[in-house]
There are 2 protein chains.
Amino acid sequence: MNSQQLRTFVTVADHRSFSAAAQALGYTQSAVSQHIAALEADLEAPLLTRRPVAPTEAGERLLEHARPLLLRLDAARADVARLRRPRPGRLAVAGAPGALTPAVTRALARARTESPQLVASMRVCGRGEAVQAVLTGAADVALVDGAVAATDPLPLSGADFLTALPVGEEPLAVLLPAAHPLAGRTTLRLADLAAARWIDAPDAAAPLAQLRSAAQSDGFGVQFTYTGTDTRGLSLLVAAGAGLTTAALSAAADLPGLTAVPITEPRIVHRTELLHPRTPTSPVLELVELLRRA
Amino acid sequence: MNSQQLRTFVTVADHRSFSAAAQALGYTQSAVSQHIAALEADLEAPLLTRRPVAPTEAGERLLEHARPLLLRLDAARADVARLRRPRPGRLAVAGAPGALTPAVTRALARARTESPQLVASMRVCGRGEAVQAVLTGAADVALVDGAVAATDPLPLSGADFLTALPVGEEPLAVLLPAAHPLAGRTTLRLADLAAARWIDAPDAAAPLAQLRSAAQSDGFGVQFTYTGTDTRGLSLLVAAGAGLTTAALSAAADLPGLTAVPITEPRIVHRTELLHPRTPTSPVLELVELLRRA
DNA sequence: TCATGCACATCAGTATTTCTGATGCAGGGT
DNA sequence: ACCCTGCATCAGAAATACTGATGTGCATGA
């Protein structure tokens, strides 16, 4: 079992096809077949059904290991490469949309103007993708947000090897349609909303799992899943009554047809954290400094 | 960069010698040389100094990634193997010494007597080793302990893919020599002891890092490090005045020359957790059931 | 200062592995 | 029933990885 075989396996599972995976990897279909056969012989278990191509139970299990494993392999290479050749002229930011609070965007803009020859870039993506980007060196910093108890760090998987730094904390608000019966309230307790209809938008807002663990509740049933990072679309859905979601209180200002009500109980906050490699480049340190002063 | 090269690299770093690593791996010295050369060429960075053989900065960085990576590779294989062929007649327990509270040992003994043909084994080791044993399939369950805030889970690295289950919680006590000025107290606050002399015995008691984070303090300076899992030796050291350590209150009963004083502030407990793979064998479930009833 | 030995590097040759391209074979669609 | 698509298999070629022999540089000690 080697990493190349694992990469082939993951690719086949993703493409649901040996030949497509072969093309994607630049191999012949024959080679892919042999990789999978070798893996299955090694582990003494069928990993994929053929026709249709789909992971077996053992395959699913292996996939869960293989994906992070390959990611960490890339991370290891990137980590050494960073040490060898830092890129001080670049500031590539990968961030979850909820992390783009006014304070953060101001700091980004200032970093840009204060160092005119800095090549800056910003990519909005899900939390996992942002972490991955920093791990593999595609980005220099990640900005991620979430809804957690005031003293807890954000739960981020795979972020060992990265330094996390809180850069913003504000009340967490529920977004409600303006016509919602609770829209008139000035504050709300999360427990009051456990039975409500929620939209789970893990890449555009705080994942419902975070609310569930913060409220220590089994509620927050998901009837609607929203995939993507566009917060406007999410707001429109909330306004249209598809369900509720959360946001940082400041991010919820002036949304037409929507009301944001801060949550007071449990003691839960919307926190933004900055993640950077343990050997950050100077633009990253500068950004950290700007955010700290803000 | 493949896993075999990484394994060679780690072995060389551990042995501080190419030839010794070659012998350990069953290769020739030449092959090891070529592995390292290939890695260094691939990453475009020297990883080891020669004469003496020691990791460079880049090498250190790579090592930090390589060790967990190789561990997870083993874990992946073990996870699939478990699915293929569960071992229902075996109960191999790996546990930190502090996890062997009376309740736990009683449950282990009962599991043994209730299923006479069960092949049981118990291995006492450090936390990391216990986690590793379960990951690689060498053990079926791990029992680990630690000192944490009442609501927090134990901080265990690499224990993704494992299910954790609290199986015991009791007050955390400081072990003091009977002659210690504070030995007469019925309770103590951790802050009172931040400036004391401590023994860091990460494999025999709660690591001082856990106390530091629970107390949110920078204290607990380490003047003495104790390596190993023998709690008796540690007790003797404490009695002899080498420094303080912690234990579950119940574990501290009747230690000659020692006094155990429970800590009341911050709200910190000694918690034992059981870790098992997501597909536990029936003896593991039985043990869990016994511990839950206890 | 120089001989010596040790330990890693290098090299050439061989063994092994891993590809490719051709062909085989089984299901699903027409 | 037929073909078409897509995975399996096979043989040969290419690449790679290992061994054993030899080279080289450093440390040691006289």
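Just so it is clear: chains get the letters A, B, ... in the order the sequence lines come, proteins before strands, and each one is counted from 1.
- The closest side-chain heavy-atom distance from B:Thr279 to A:Arg61 is below 4.5 Å.
- The side chain of B:His35 lies closest to D:dC18 when the candidates are D:dG6, D:dA17, D:dC18.
- Annotation: side chain of B:Asp140 is not in contact with side chain of B:Val93 (no heavy-atom distance under 4.5 Å).
- Between A:Ile36 atom CD1 and C:dT18 atom P the separation is 14 Å, expressed in whole Å.
- Separating the CD atom of A:Gln5 from the P atom of C:dT17 is a distance of 12 Å, rounded to the nearest angstrom.
- Residue-level contact check: A:Ser19 touches the backbone only, with heavy atoms under 4.0 Å from sugar-phosphate atoms and none from bases.
- DNA chain D is contacted by both B:Ala38 and A:Ser30; A:Ser30 maps to the nucleotide lying nearer its 5′ end (nearest heavy atom per residue).
- Contact detail for A:Pro88 and A:Pro283: the closest heavy-atom pair is O-CG, 3.0 Å.
- Residue A:Val53 is classed as a sugar-phosphate contact, given heavy-atom separations below 4.0 Å to backbone atoms only.
- Rounded to whole angstrom, the span from the CD atom of B:Gln23 across to the C1' atom of C:dA7 amounts to 14 Å.
- Comparing A:Pro52 and B:Ala37, the nucleotide of DNA chain C nearest to each residue sits closer to the 5' end for B:Ala37.
- What separates CG of A:Leu25 from C1' of C:dC19 is a distance of 13 Å, to the nearest Å.
- Residue B:Tyr27 has its side chain nearest to D:dT19 when only D:dT19, C:dT18, C:dA7 are considered.
- Taking a cutoff of 4.0 Å between a charged side-chain nitrogen and a carboxylate oxygen, B:Asp79 and B:Arg82 qualify as a salt bridge.
- Side-chain atoms of B:Ala31 lie closest to D:dC18 of the nucleotides D:dC18, C:dT18, C:dT10.
- Evaluation of atom-type donor-acceptor distances gives no pair under 3.5 Å for the side chain of A:Gln34 against the base of C:dT17.
- No side-chain donor-acceptor contact under 3.5 Å links A:Thr8 and A:Gln4.
- In this structure, the CD atom of A:Gln29 is 14 Å from the P atom of D:dC10, given to the nearest Å.
- One atom, CZ of A:Phe18, and another, C1' of C:dA26, lie 14 Å apart when rounded to the nearest Å.
- Neither OP1 nor OP2 of D:dT16 sits under 4.0 Å from any side-chain N or O of A:Gln4.
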